[in-house]
Enquirer: 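What follows is a single structure, and I will ask about it in a moment.
Residue numbers start from 1 in every chain, and the chains themselves are labelled A, B, ... in the order their sequence lines are given, proteins ahead of strands. Heavy-atom basis, side chains included; hydrogens, waters and symmetry copies ignored.
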Amino acid sequence: MIKFFDTLRGEVVPFEPLLPGEVRLYTCGPTVYNYAHIGNFRAYIFEDLLKRFLRFMGSRVLHVMNITDVDDKIIRDAGARGVSIGEFTEPYLKSFFAGIETLRIAPADRYPLATEHIPEMVRIIRGLLDKGIAYRKDGSIYFSIAKFPGYGKLSKIKRDELQTTSRIGARIEADEYEKESAQDFALWKAPKPGEPSWETEIGPGRPGWHIECSAMSSKYLGETFDIHCGGVDNIFPHHENEIAQSEAFAGKPFVRYWLHCHHLIVDGEKMAKSKGNQYTLDDLLRRGIPATAVRFLLLGTHYRKVLNFTFEAADQAKASVQRVLDFAYELDHRSFPEIRNEDVQRLVAEADRKFRDGLSDDLNISTALTALFELIREANSLLARNKIGRGEADLLRAALRSFDEVLVLLPEPQEETLPPDLAALVEERERARRSMDFKRADEIRAELLRRGIILEDTRDGVRWKIVQP
RNA sequence: GGCGCGGUACCCAAGCGGCUAAGGGAGAGGUCUGCAAAACCUCGAUUCGCCGGUUCGAGUCCGGCCCGCGCCUCCA
């Protein structure tokens, strides 16, 4: 049985999709006003784990991730640069997708853009106006949270406490828009001179932040769908407001399971531009941390715990991944005796059970990784004693590939030939070794290492590996 | 002030009432090897932030305290 921690209910609950065998998933995507940092990618990696695991367990997953391509900051910064919001967001959009690919995150089925779903948003706002839940003020339209009794149920914030909560006062005064009640939020913002706006049946203007997710999720996934993910910072106000809009409009439950991922901090501190610790994916790659190590690092801490990023942890992640890769390599580049060993089947079955049970328990990745590493250790131990036959090697390869459908650490199958000049060097070294010229042999090995090839002398002869980029 | 997360070996990190406290990294010693690499074997927390309590039995439950972190209308 699969169980997840649902933020709304505040506990781990059994997971049952609305339609058997199909999970409808909506995840909050980037606001493309800047380059994504590794904290953003932590959330996307968590969602990738969730999605790949659901597929691993036999579900189809229909996944929608929104792209926020219009908001206050985008308008401000595009204006400052004197370009359209489309021109402004394009490089960030490209960079986001490049990161998704680099980290081997399974792409969503759709990435709807906010600017392409204005009519869908207007339709909901229209409906909320008609129901008297939304009201107009100075050209803007606000959602009256007093009209939605369930307001605060996700974030556990009580409505009457909202305005007395400290810190809030200053922010309310700073707000440029007049509202009936301080806690009400904007569905539609009045146009301002020189800023983008849309002519619509509810008047000119641009959407508030929250409405796009209500509009796009219901369009592609239905008015009630299975899972909605995001970072914990989205619980309030973003997701709270989505619930209010969607449920007030549709009159039915919005989301069945809310899964939120905690933050990533760096060296024990919150990431902040001012601290200079806000790393992008490219920053890490430039520092020599391979993408798979980044993936492993972001994957390796349970999603509901704060992940403390350090470069030491990144190096450890790299080494851990290497252990998996070396094991896979061993299975592919070794001769196996013609024997049978029943133990292997038992080990594989046990690892598979533990892997599934771990992830089924609210995505307990530690248990799942333990299953993988225990299998590797046991298998290596048998391998060292030459007690794994050809058939068992196939079993192990299949198990590894199966786990890797979720973890995605193994390299893509690649061309396994050395460029001729390098192959010639390997040959020359073999001749040198046969004539006991170990000095020359070691020179060649060092040369090849500089060129990204590591040589290993085994009982079956010399073999080479590509060193992780 | 409100809501929430966490403090387990040098580092990362499971376990959440009961066999010897997972797993990975780093470290020490050994095996194999021309040397390496990889791998294997062995070692490594009498102890789980602190203090009380419940229990036959507690990192695991209860109470108090200390410390770190996040959110509270920009934020993954």
Enquirer: Expressed as a whole number of Å, how far does the P atom of B:rU20 sit from that of B:rU47?
Expert: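 B:rU20 and B:rU47 have their P atoms separated by 16 Å.
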
Enquirer: B:rU8 and B:rC50: how far apart are their C1' atoms, nearest whole angstrom?
Expert: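 Between the two C1' atoms, the distance is 15 Å.
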
Enquirer: For A:His210, run the ring pair (Phe, Tyr, Trp, His ring centres under 6.0 Å) check against A:Phe254, A:Tyr142, A:Phe185, A:Phe143 and tell me which one passes.
Expert: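 It is A:Phe185; the other options fail the test.
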
Enquirer: Under 3.5 Å, is there an N or O donor on one side and an acceptor on the other linking the side chain of A:Lys156 and the base of B:rC3?
Expert: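 No pair found.
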
Enquirer: Using O4'-C1'-N9-C4 for purines and O4'-C1'-N1-C2 for pyrimidines, with syn meaning within 90° of 0, is B:rG59 syn or anti?
Expert: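 Syn conformation here, the glycosidic angle of B:rG59 being no more than 90° from 0.
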
Enquirer: Expressed as a whole number of Å, how far does the P atom of B:rC66 sit from that of B:rG57?
Expert: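 B:rC66 and B:rG57 have their P atoms separated by 29 Å.
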
Enquirer: Report the residue (A:Asp315 or A:Leu382) whose heavy-atom-nearest nucleotide on RNA chain B is the more 5′ of the two.
Expert: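 Counting from the 5' end, the first nearest nucleotide belongs to A:Asp315.
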
Enquirer: Is a donor from one side chain sitting under 3.5 angstrom from an acceptor on the other, for A:His262 and A:His302?
Expert: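 No, A:His302 and A:His262 have no side-chain donor paired with an acceptor closer than 3.5 Å.
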
Enquirer: In whole angstrom, what separates A:Leu299's CG from B:rA14's P?
Expert: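 Taking CG of A:Leu299 and P of B:rA14, I get 13 Å after rounding.
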
Enquirer: Between A:Leu369 and A:Asn40, which is nearer to the 5' end of RNA chain B once each is assigned its nearest nucleotide?
Expert: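 Counting from the 5' end, the first nearest nucleotide belongs to A:Leu369.
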
Enquirer: Rounded to whole Å, please give me the gap between CG in A:Asp233 and P in B:rC74.
Expert: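 Distance, rounded to whole Å: 12 Å.
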
Enquirer: With P as the reference atom in both, quote the distance from B:rC3 to B:rG64 in angstrom, rounded to an integer.
Expert: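 14 Å, rounded to whole Å.
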
Enquirer: Between B:rG17 and B:rU60, how many Å separate the two P atoms, rounded to a whole number?
Expert: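 Pairwise P distance, B:rG17 against B:rU60, rounds to 11 Å.
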
Enquirer: Calculate the interatomic distance between A:Asp361 atom CG and B:rC16 atom P; express it in whole Å.
Expert: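 Answer to the nearest Å: 9 Å.
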
Enquirer: What's A:Met271 touching, base or sugar-phosphate or nothing? Going by heavy atoms closer than 4.0 Å.
Expert: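 It contacts base atoms.
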
Enquirer: Looking at the side chain of A:Ala43, which of B:rA76, B:rC74, B:rG23 is the nearest nucleotide?
Expert: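 Nucleotide nearest to A:Ala43's side chain: B:rA76.
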
Enquirer: What is the distance, rounded to the nearest whole Å, between atom CD of A:Glu330 and atom P of B:rC40?
Expert: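 My rounded result for the distance is 10 Å.
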
Enquirer: Check the distance between B:rG15's P and A:Asn364's CG and give it to me in whole angstrom.
Expert: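 Spelled out: CG on A:Asn364 to P on B:rG15 is 5 Å.
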
Enquirer: Near A:Lys465 NZ, under 6.0 Å, is it more than 12 heavy atoms from other residues, nucleotides or ligands?
Expert: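 Count over threshold, so yes.
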
Enquirer: Specify whether A:Phe311 and A:Phe309 have parallel, tilted or perpendicular ring planes, treating 30° as the upper limit for parallel and 60° as the lower limit for perpendicular.
Expert: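 If you compare the ring of A:Phe311 with that of A:Phe309, the planes turn out perpendicular.
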
Enquirer: Classify the nucleic acid contact of A:Gly230 as base, sugar-phosphate or nothing, counting any heavy atom under 4.0 Å across all strands shown.
Expert: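 The residue A:Gly230 makes sugar-phosphate contact but no base contact.
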
Enquirer: Specify the separation, in whole Å, of atom NE2 of A:His302 and atom C1' of B:rG15.
Expert: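 After rounding, the gap between these two atoms is 13 Å.
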
Enquirer: When the ring planes of A:Phe46 and A:Tyr303 are compared, do they come out parallel, tilted or perpendicular, using 30° and 60° as the limits?
Expert: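 Answer is parallel, since the angle falls under 30°.
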
Enquirer: With ring centroids as reference points, do A:Tyr44 and A:Phe41 lie under 6.0 angstrom apart?
Expert: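 Yes, close enough.
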
Enquirer: Can you find an N or O donor on one side and an acceptor on the other, under 3.5 Å apart, linking the side chain of A:Gln316 with the base of B:rG24?
Expert: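 Answer is yes: a donor-acceptor pair is held.
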
Enquirer: Would you indicate whether A:Arg440, at its atom CZ, is surrounded by more than 12 heavy atoms from other residues, nucleotides or ligands within a distance under 6.0 Å?
Expert: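 Enclosed: over 12 neighbouring heavy atoms sit under 6.0 Å from CZ of A:Arg440.
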
Enquirer: Look for any protein N or O under 3.5 Å of an N or O in nucleotides 7-10 of chain B and output each such pair with its distance, or none.
Expert:
none

Enquirer: Whole angstroms only, please: what is the NE2-P distance between A:His260 and B:rA76?
Expert: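 Spelled out: NE2 on A:His260 to P on B:rA76 is 13 Å.
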
Enquirer: Would you check if there is a donor-acceptor pair between the side chains of A:Ser381 and A:Arg385 at a distance under 3.5 Å?
Expert: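 Yes.
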
Enquirer: Between A:His263 and B:rA76, do the rings stack, that is, sit under 5.5 Å apart with planes less than 30° off each other?
Expert: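 It does: the two rings, one from A:His263 and one from B:rA76, meet the stacking criterion.
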
Enquirer: Base, sugar-phosphate alone, or nothing: which one does A:Ala319 contact when heavy atoms must sit under 4.0 Å apart?
Expert: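 A:Ala319: backbone/sugar contact only, no base atoms under 4.0 Å.
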
Enquirer: From OH of A:Tyr303 over to P of B:rG4, roughly how many Å is that when rounded to an integer?
Expert: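 Between P of B:rG4 and OH of A:Tyr303: 16 Å.
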
Enquirer: Expressed in whole Å, how much space separates the C1' atoms belonging to B:rA58 and B:rG49?
Expert: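 Approximately 16 Å lies between the C1' atom of B:rA58 and that of B:rG49.
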
Enquirer: Mind checking the C1' distance from B:rC65 to B:rC56? Whole angstroms is fine.
Expert: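 Looking at atom C1' only, B:rC65 and B:rC56 are 29 Å apart.
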
Enquirer: Does a donor on one side chain sit under 3.5 Å from an acceptor on the other, for A:Tyr151 and A:Asn241?
Expert: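 Yes.
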
Enquirer: Counting only side-chain nitrogens and oxygens, does A:Arg323 get under 4.0 Å of the OP1 or OP2 atom of B:rC40?
Expert: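 So the side-chain polar atoms of A:Arg323 do come within 4.0 Å of the phosphate oxygens OP1 or OP2 of B:rC40, strictly under.
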
Enquirer: Show the distances under 3.5 angstrom between N or O atoms of the protein and N or O atoms of nucleotides 34-37 of chain B.
Expert:
residue	atom	partner	partner atom	Å
B:rG34	N7	A:Arg433	NH2	3.4
B:rG34	O6	A:Arg429	NH2	3.3
B:rG34	O6	A:Arg433	NE	3.2
B:rG34	N1	A:Asp442	OD1	3.1
B:rG34	N2	A:Asp442	OD1	3.4
B:rG34	N2	A:Asp442	OD2	2.7
B:rC35	O2	A:Arg445	NH2	2.3
B:rC35	N3	A:Arg445	NH1	3.3
B:rC35	N3	A:Arg445	NH2	3.1
B:rC35	N4	A:Asp457	OD2	2.7
B:rA36	N6	A:Asp457	O	2.8
B:rA36	N1	A:Asp457	N	3.0
B:rA36	N3	A:Arg445	NH1	2.9
B:rA37	O2'	A:Glu456	OE2	3.4

Enquirer: Examine the base of B:rA22 for any acceptor or donor lying under 3.5 Å from a partner atom in the side chain of A:Thr370, and report the outcome as yes or no.
Expert: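 Flag set: donor-acceptor pair detected.
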
Enquirer: Counting only heavy atoms not in A:Glu428, do more than 12 fall under 6.0 Å of its CD?
Expert: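 Yes, CD of A:Glu428 has more than 12 neighbouring heavy atoms, counting only those of other groups under 6.0 Å.
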
Enquirer: Report yes if some heavy atom in the side chain of A:Tyr220 is under 4.5 Å from a heavy atom in the side chain of A:Phe225; otherwise report no.
Expert: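 Answer no - side chains too far apart.
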
Enquirer: Using the C1' atom as the point on both nucleotides, what is the distance between B:rC32 and B:rA39, in whole Å?
Expert: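 My reading of the C1' atoms in B:rA39 and B:rC32 gives 9 Å.
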
Enquirer: Do A:Ile67 and A:Pro30 touch side chain to side chain, with heavy atoms closer than 4.5 Å?
Expert: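 They are in contact (side-chain heavy atoms under 4.5 Å apart), so the answer is yes.
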
